[in-house]
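Note sheet for the following structure.
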Amino acid sequence: MSTETPVDELTEEDARTELERLADLLAKANTAYHQDDAPEISDAEYDRLKARNAAIEARFPGLKRADSPSDQVGAAPADGFAKVTHAVRMLSLSNVFDDAEVTEFDDRIRRYLGLKADAPLNYTAEPKIDGLSLSLRYEDGTLVQAATRGDGAVGENVTANARTIDDIPVTLTGAPEVLEVRGEVYMSHADFEALNARQTEKGAKTFANPRNAAAGSLRQLDSSITKARPLRFFAYAWGEVSEALADTQMAAIERLAALGFQTNPLTALCDGPAEMQAHYEEIEQQRASLGYDIDGVVYKVNELDLQRRLGFRSTTPRWATAHKFPAELAWTTLEKIEIQVGRTGALSPVARLTPVTVGGVVVSNATLHNEDYIKGRDSKGQEIRGGKDIRVGDWVQVYRAGDVIPKVADVDLSKRPDGTKPYDFPTVCPECGSEAIREEGDAVRRCTGGLICPAQAVEKLKHFVSRAAFDIEGLGAKQVEAFYQLGWIAEPADIFTLKARDKGETKLLKPASEVVASWTGGDGEERAARIEARRELLTTMGVDPLEDFEPALTRISAKPLADIKGWGEKSAENLFQAIDEKRDIPLGRVLFALGIRHVGEQASTLIARSYGRWDDFTRAMDAAKDCEGPDWDNLLAIDGVGEVMARSLVTAFAQDHERQSIDRLTAHLTIQEAAAPATDGSPVAGKTVVFTGTLEKMTRAEAKARAEALGAKVSGSVSAKTDLLVAGPGAGSKAKKAAELGIETIDEDGWLELIGDA
DNA sequence: GTGCCTCGAGTTCC
DNA sequence: CTCGAGGCAC
């Protein structure tokens, strides 16, 4: 291994070979360790190989493999599916619900592309199959991998199961060298009924609907079970392809059909919103007789060139949308209203309902949004549902938004029983007794307890270990909750001392369980009394809640993890290893994990890229704490960061208790420096570009998106920081200012040539 | 100041 | 998945 070339000196070709070698080595090491329980290389060597892999990927992002070891937290557990990183993300679709929104969709696309209202623009329209999406990867015409959607970026490898589905060809003739076919796995009504009949016969549990049956069948670990289940597949899209399938969506679908895939016969070409709407109605009429479930119609811009120009928003393509059928409605009794407390302290009312079937699923909980929704007002004080307030005991209408999230939609006043009272929304946190207040213009009421509120503390911890944050294998929401209740972890830093405490390497000081139990234990009257007492303490006696909280900071585990039910020595060991793996972590993830209000995943990435290093970042936060000065201005200058977010950030770092908690955490971490995305060979990476005047070959939005994809920052006004001005005809003051400042100015063609799109 | 467009936060059930 | 609101362009 001593002959390894330093990462900096690798050529692209070397890197490719090296990544392949590392993927292979690490996969073998994983199998040996996890499945055979016989490690072949030392942990240190394993970590070194993994780090080298990551370093090469960072330098050559384009070479990152679909099976990259950096995306795999250990190998597939022997009892699950391996993770697969999609070469091209599997996205979801935006939705429209009526005629007017179909027209809006068309308008938006025309505006983005700069097309006049009468310019021709075609769309495909096809039924939206209610199943689960699957990505099939063919190399040299052979099915090599089938992966579920997962979160869109990483799915599960279900290749063995996909091979048993008749509609999925195992080999293709005349296909591109690399072809990822995407489509929907589903089960027909007839097959679903028959399967449930067989299940009943066997005394096995039946499925609630065809979708669940299909999902359950595809995720069988034993593919012989999948083989016995009559799954089907419609192809409707593609991921990575080594050569273009066609010029249009329609022709691409026809090509997939020619390759041997089933494509939906109701796929049609429409010349605009009117035809789209007509086809939607046609499909809606046939819905009941199709023999399989559909939940709407999907529209896609037909020209693939236009699709490419339109591109993507963060989770959906701009060039497609789903026109959903109206949601199924059901009526039931509202038995109770409960209040949940979220990470930011938001009090959310949840309706407990007499269970009712809505769209094939039994619903017993539904969201009531917020205080005003219950009162029958929206956030602007406008009446909703005719201003009807919702009361416990009411007969309410429920639907599943997007066929997923249950919501209370309406209330039938004629069925209101006698003696109901308007719901009294709590002004005190039901979890910790702190005051719950509503800020001016805010729709939500929030608990002011901060970390002394057990609900907020737990939710913050859950957020900390969530997928986009620390993503610690084996430490999910459930474990965090349990560990919190046990008093083992009360803040993120505690996660990283678990191992030492578990091994008795640090001394037991005071079990936080005592402190925590005093907040969370008990129920009914006892709990109510305790909360009341606590509220008294906090509000009238002027006790500093943080002093009250202090003893919890000396929390420690009272007994080894292995003594707890369900935690063997091996699982404890695995957990500690998973935690150790995350001590080395990218800056953006740390920022997001802190759960600072208004600072989400995207913002964290942008901020991390802007500051690069943790120390530089905290120094800037300190210097900007009074919301003024150059560091404050720099913060606001970050694209996507406004005053609200900036204030939230600096306040979090300026508050003693919060800062101390953060410092305790970072003492356990090696925070990786963040770099701007390596836009290999991009001539405009890191440059600030301003567009002015009339652009003739692309719209402003398009130009901005394209420039940003190439690593440029697009600004609206010319300043000393501007690197390049792209001026079309009619450019005025900006061009003049650029000339004064001596900033390079080019025209639209010059720009296209520069970025290689001429 | 107004009107997009995104992101952030909260949500259920399997 | 949806709603509300932050950020930014017009």
Side-chain angles (χ1 to χ4, degrees), chain A residues 92-95 97 104 107-108 111-112 132 205 207-209 211-219 295 312-316 318 322 324 327 338-353 355 357-373 378-380 384 398-409 439-446 455-456 459-460 462-463 466 468 592 595-606 636-648 690-692 699-701 703-705 708 714-717:
Chain A
S92 47
L93 292 175
S94 59
N95 295 315
F97 293 93
E104 265 173 44
D107 286 347
R108 203 164 43 239
R111 211 180 317 134
Y112 193 95
L132 58 153
K205 92 175 193 318
F207 294 97
N209 53 52
R211 209 200 89 87
N212 287 356
S217 302
L218 190 67
R219 295 192 75 260
D295 54 3
F312 301 88
R313 289 192 291 235
S314 62
T315 58
T316 59
R318 283 196 190 84
K324 302 297 272 295
E338 283 184 7
I339 300 289
Q340 295 189 347
V341 182
R343 164 168 73 86
T344 60
L347 305 192
S348 315
V350 178
R352 306 287 174 211
L353 308 161
T357 304
V358 193
V361 172
V362 177
V363 167
S364 47
N365 302 308
T367 176
L368 282 162
H369 299 290
N370 54 46
E371 192 170 352
D372 287 336
Y373 191 82
D378 70 12
S379 57
K380 293 181 192 81
I384 46 174
V398 193
Y399 75 105
R400 296 203 301 146
D403 284 329
V404 183
I405 315 282
K407 300 200 163 174
V408 173
E439 307 236 343
E440 182 82 23
D442 214 349
V444 294
R445 188 173 284 279
R446 287 176 205 278
Q456 283 191 56
E459 293 305 315
K460 267 198 117 146
K462 286 182 187 168
H463 172 80
S466 67
F592 175 64
I596 295 165
R597 192 131 94 90
H598 301 128
V599 184
E601 197 181 345
Q602 304 283 328
S604 299
T605 309
L606 293 170
L636 285 177
I638 300 172
D639 204 20
V641 176
E643 186 142 346
V644 175
M645 202 188 284
R647 261 178 210 284
S648 186
V690 176
F691 292 94
T692 186
T699 63
R700 206 154 274 269
K704 182 172 194 281
E708 282 170 355
V714 177
S715 168
S717 56

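Protein chains get the first letters and strands the later ones, always in sequence-line order, with residue 1 at the start of each. It should be emphasised that the depicted structure is a prediction, and the values quoted were computed from it without experimental measurement.
The side chain of A:H369 has C:dC3 as its nearest neighbour among C:dT2, C:dA5, C:dC3. Distance from the side chain of A:V644 is smallest to C:dG6 among C:dG4, C:dG6, C:dT2.
The interatomic distance linking A:N209 (CG) with B:dC14 (P) rounds to 9 Å, in whole Å. Atom CZ of A:R219 is separated from atom P of B:dC14 by 16 Å (rounded to the nearest Å). We find that NE2 of A:H598 is positioned 14 Å from P of C:dC8, with the value rounded to whole Å. One interatomic measurement links the two molecules: CD of A:E601 to P of B:dC7, which rounds to 10 Å at whole-angstrom precision. Rounded to an integer number of Å, the gap from NZ of A:K462 to P of B:dG8 is 21 Å. Taking atom CD of A:E439 as the reference point, atom C1' of C:dA5 lies 13 Å away to the nearest angstrom. In this entry the distance linking CD of A:Q602 with P of C:dG7 reads 14 Å, nearest Å. The CZ-C1' distance, from A:F97 to C:dC1, rounds to 9 Å in whole Å.
Partners of A:I339 by side-chain contact (heavy atoms from CB on, under 4.5 Å), not counting sequence neighbours, listed by chain and number: A:L347, A:P349, A:Y423, A:F425, A:P426, A:P430. In this structure A:N365 satisfies the side chain to side chain donor-acceptor pair (under 3.5 Å) test together with A:R352, sequence neighbours excluded. Here A:A215 pairs with A:L132 under the side-chain contact (heavy atoms from CB on, under 4.5 Å) rule; sequence neighbours left out. When the ring-ring contact (aromatic ring centres under 6.0 Å, His included) test is applied to A:H598, no partner is found at least two apart in sequence or on another chain.
Within the 4.5 Å cutoff, the side chain of A:R446 has heavy atoms near those of the A:T344 side chain. No side-chain heavy atom of A:V341 sits under 4.5 Å from any side-chain heavy atom of A:E459. Under the 4.5 Å side-chain criterion, counting only non-hydrogen atoms from C-beta, A:V363 is in contact with A:L353.
Counting non-hydrogen atoms under 4.0 angstrom, A:A215 reaches nothing in the nucleic acid. Using a 4.0 Å heavy-atom cutoff across all strands shown, A:F207 reaches no nucleic acid atom at all.
Separating the CZ atom in A:R108 from the OG atom in A:S94 is a distance of 6.5 Å, to the nearest 0.5 Å.
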task: Step by step, work out the side chain to side chain contact (heavy atoms under 4.5 Å, CB included) result for A:V361 and A:R400.
output: CA-CA 9 Å; A:V361 172; A:R400 296 203 301 146; 3.6 Å; yes

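Between A:A208 and A:F592, the residue whose closest nucleotide on DNA chain B is further toward the 5' end is A:F592.
Taking 4.0 angstrom as the limit, A:N370 places none of its side-chain polar atoms (N or O) nearer than this to OP1 or OP2 of C:dC3.
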Check the interface with nucleotides 10-12 of chain B: list each N/O to N/O pair with the protein under 3.5 Å, or write none.
| unit_1 | atom_1 | unit_2 | atom_2 | d |
| --- | --- | --- | --- | --- |
| B:dG10 | OP1 | A:T344 | N | 3.4 |
| B:dG10 | OP1 | A:T344 | OG1 | 2.3 |
| B:dG10 | O3' | A:S348 | OG | 2.9 |
| B:dT11 | OP1 | A:Q340 | OE1 | 3.4 |
| B:dT11 | OP1 | A:S348 | OG | 2.7 |

Under 3.5 Å between N/O atoms: give me all the protein pairs with nucleotides 3-5 of chain B, atom names plus distance.
| unit_1 | atom_1 | unit_2 | atom_2 | d |
| --- | --- | --- | --- | --- |
| B:dC5 | OP1 | A:R111 | NH1 | 3.3 |

